[in-house]
Visitor: 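Below is a structure I'd like to ask you about.
Just so it is clear, the values below take in all heavy atoms, side chains as well, and ignore hydrogens, waters and symmetry mates. Every value quoted in this text rests on a predicted model; they were computed, and no experiment measured them. All residue numbers in this chain count up from 1 along the given sequence.
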Amino acid sequence: MNYNSTRNNNTVVSASQAIAQGISAEGGLFVPQSLPQYTAEDIKALTKTDYRGRAKKIFSDFLGDFTAEEISESVDAAYTAEKFGSDNPAPISYIESGDTKMSVLELWHGPTCAFKDMALQILPHLLTKSVKKTFAGKEAVILVATSGDTGKAALEGFKDVEGTKIMVFYPVNGVSPMQKRQMATQQGNNVSVVAIEGNFDDAQTGVKKIFTDAEIKDKLAENNMMFSSANSINWGRLLPQVVYYFSAYCDMVNEGKIAMGDPINVVVPTGNFGNILASYYAMRMGLPIKKFICASNANNVLTDFIQTGTYDKQRTFYTTISPSMDILVSSNLERLLYHLTDGNAEKVAGWMKELSENGKYTVDDDVKAKLDELFYGGFCDDENTQKTISEMYREENYLCDTHTAVAVNVYQQYVAETKDTTPAVIASTASPYKFARSVLEAVSDEALPEDEFAMVDALSAVTKTTVPAPLAMLKDAKVRFTLECKKEEMPQTVLSSLSIG
């Protein structure tokens, strides 16, 4: 299988080149030229194996220039019980409230307690193999923009990986205290962390500009280096996310929650659109998904887009209690547009140009009709996010974080509006302990402690739940990174970090 760019169909690369490069030269994202088709019998076969077996099958159908041994080695190294707490890295908690059935897919049992681990524990294996295949002898410089969880997960995945350096940029006031501490205390000799004076969109735009800056790329080439990405613009980040939707369906069948062939709905709290796009790919491959429910916080640019067909980033940016969704430019939406236009790269490039130059674009009637058929968009503000956390805990005895609560709330809106009681898979994206202040405020009437770790301990005491070990260990971890820069200083910061500026 080969890959095209969303902005130029004449760009054709192998799987390993797509993963190694991360982004196409003209700024487009790599997409598969075709998708493997899974029948009910194929999905039934997946129910008879475990998560690793399902991952190996799906990877083998997309990574055409990887050997079976390379795929097996990568999967077995990534999804271990030691890293994820059990042989199933993505377990499901089932909640039945009246006629509403929610299957909460817990994607946060990995080493950084966020769903990004599901992809970023395997990406270093895929990327280093890809670089050897296509850019032999080059050192990969991984640039990451993060709204909180991706940064730590990428740092943890790539720390001390031979042949790589990784630099993470995050908005200085746009992540939770726990997320900031996770990044600032990161171990590894090949890692760097920088806070920028701006929001996530500033960080993401800055990273994309650096990627396509010919002068900077030439400087790297002179030093036998090349850029790559660990953000979900990289196909090697997105593909692993397809696996857990298939796996969830298989687990639901095995546990008698649905019958083989039954449709499900998928609910995802989303900012950059990668997680929900992965479920769209699963549907296109044959997984029986009826509706994609896209849940946003107060930064509801995706809600408005799904409802109106106009994407307009020119709006107030809100810093919310669900910071990983504080995004106004959803990069992976570009991939969806490419598929909904049947691969019209010229049209997609035009819309992306409009977004860059004018801050907005409007899709045509055909694309809008497809959006209406497949997607539902809703949003939830901070007040209702905390109310949902409280209700889920008090009524269902289930403790969820500020992002999962957004998804639950929007799903409840969807059911009230449509009366659709199709079993729903809700992507739970982070441990509640990563957002201890907001979760504790929602479940306790007591005065909050001053210290972040005292809040963590209080949340554990109030809810009688266990603090995840990776977060408990942070209390005594040494802070290594305190550097801040302006967004326009990002290119020079990268070059200085690499000692080639």
Visitor: Contact between Val266 and Ile293 at the side-chain level, heavy atoms closer than 4.5 Å - yes or no?
Guide: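 Result no, sub-4.5 Å side-chain heavy-atom pair not found.
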Visitor: Could you please spell out the steps behind the salt bridge (Lys or Arg N to Asp or Glu O under 4.0 Å) verdict for Arg54 and Asp251?
Guide: CA-CA 11 Å; Arg54 296 161 189 167; Asp251 287 347; 3.0 Å; yes
Visitor: Heavy atoms, side chains only, cut-off 4.5 Å: are Met226 and Leu220 in contact?
Guide: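 The answer is no; the side chains never approach within 4.5 Å.
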Visitor: To the nearest 0.5 Å, how far apart are OG in Ser60 and CD in Glu70?
Guide: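 So the gap between those two atoms works out to 13.0 Å.
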Visitor: Starting at CZ of Arg335, measure out to CG of Leu277 and round the result to the nearest 0.5 Å.
Guide: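 Taking CZ in Arg335 and CG in Leu277, the distance rounds to 7.0 Å.
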Visitor: Let me know which of Phe375, Phe273, Tyr281 forms a ring pair (Phe, Tyr, Trp, His ring centres under 6.0 Å) with Phe292.
Guide: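 Testing each of Phe375, Phe273, Tyr281 against Phe292, the sole residue satisfying ring pair (Phe, Tyr, Trp, His ring centres under 6.0 Å) is Phe375.
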Visitor: Measure centre to centre between the rings of Phe66 and Phe59, then say whether the value is under 6.0 Å.
Guide: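 Between Phe66 and Phe59, the centre distance exceeds or equals 6.0 Å.
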Visitor: First locate atom CD1 of Ile166, then atom OG of Ser497, and finally report the distance between them rounded to the nearest 0.5 Å.
Guide: 11.0 Å
Visitor: Verify ring-ring contact (aromatic ring centres under 6.0 Å, His included) between Tyr311 and Trp351, making sure each step is shown before the conclusion.
Guide: CA-CA 10 Å; Tyr311 194 102; Trp351 287 332; over 10 Å; no
Visitor: Before you tell me yes or no, could you show the steps for Val367 and Lys347 under side-chain contact (heavy atoms from CB on, under 4.5 Å), namely the whole-Å CA-CA distance, both residues' side-chain angles and the distance that decides it to 0.1 Å?
Guide: CA-CA 11 Å; Val367 168; Lys347 185 174 285 189; 5.7 Å; no
Visitor: Hey, are the side chains of Met285 and Tyr245 touching, using non-hydrogen atoms and a 4.5 Å cut-off?
Guide: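 Answer no - side chains too far apart.
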Visitor: Passes salt bridge (Lys or Arg N to Asp or Glu O under 4.0 Å), Asp213 versus Lys209? Steps please.
Guide: CA-CA 6 Å; Asp213 186 307; Lys209 284 182 178 177; over 6 Å; no
Visitor: Tell me if a side-chain donor or acceptor on Asn2 pairs with a main-chain N or O of Val12 at a distance below 3.5 Å.
Guide: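 Absent.
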Visitor: Would you give the length of the straight line joining atom CG of Asn254 to atom OG1 of Thr47, rounded to the nearest 0.5 angstrom?
Guide: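 So the CG of Asn254 and the OG1 of Thr47 are separated by 5.0 Å.
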Visitor: Taking the ring of Phe84 and the ring of Tyr51, is the distance between their centroids below 6.0 Å?
Guide: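 Centroid separation for Tyr51 and Phe84: 6.0 Å or greater.
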Visitor: Does some side-chain heavy atom of Ile19 sit less than 4.5 Å from a side-chain heavy atom of Tyr3?
Guide: no
Visitor: What's the separation between atom NZ in Lys165 and atom OG in Ser228, rounded to the nearest 0.5 Å?
Guide: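 Output value for this atom pair is 15.0 Å.
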Visitor: State plainly whether the residues Lys313 and Asp201 are in salt-bridge range, i.e. N to O under 4.0 Å.
Guide: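 Looking at Asp201 together with Lys313, the answer is no, because their closest N to O distance does not fall below 4.0 Å.
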Visitor: Lys83 versus Asp117: any side-chain heavy-atom pair under 4.5 Å?
Guide: no
Visitor: Would you say Phe227 and Leu143 make side-chain contact, with heavy atoms under 4.5 Å?
Guide: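 Yes, close enough: below the 4.5 Å cut-off.
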Visitor: Out of curiosity, Leu483 CG to Met167 CE, how far, rounded to the nearest 0.5 Å?
Guide: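 Between atom CG of Leu483 and atom CE of Met167 there are 8.0 Å.
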Visitor: Less than 4.0 Å between a side-chain N and a carboxylate O, is that true for Glu452 and Lys180?
Guide: no
Visitor: Set out, in order, the CA-CA distance, both residues' side-chain angles and the distance that settles side-chain contact (heavy atoms from CB on, under 4.5 Å) for Tyr433 and Leu459, then state yes or no.
Guide: CA-CA 8 Å; Tyr433 283 94; Leu459 182 59; 3.7 Å; yes
Visitor: Side chain to side chain contact (heavy atoms under 4.5 Å, CB included) with Met325: which of Asn299, Val406, Thr320, Thr402?
Guide: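 Of Asn299, Val406, Thr320, Thr402, side chain to side chain contact (heavy atoms under 4.5 Å, CB included) with Met325 is met by Val406 alone.
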Visitor: Determine yes or no for a side-chain-to-main-chain donor-acceptor pair under 3.5 angstrom, with Ser72 supplying the side chain and Ala68 the backbone.
Guide: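 Pair absent, no side-chain N/O of Ser72 close to backbone of Ala68.
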Visitor: Answer with yes or no whether the side chains of Thr39 and Asp42 bring together a donor and an acceptor at under 3.5 Å.
Guide: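 Yes, a side-chain donor-acceptor pair sits under 3.5 Å.
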Visitor: Parallel, tilted or perpendicular: which describes the rings of His339 and Tyr280, with under 30° parallel and over 60° perpendicular?
Guide: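 It falls in the tilted class, 30° to 60°.
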Visitor: Applying ring-ring contact (aromatic ring centres under 6.0 Å, His included) to Tyr244 and Phe115, what does each step give before you reach the verdict?
Guide: CA-CA 10 Å; Tyr244 51 67; Phe115 82 102; 7.3 Å; no
Visitor: For Ser460, is there any backbone N or O sitting under 3.5 Å from a side-chain donor or acceptor partner on Thr465?
Guide: no
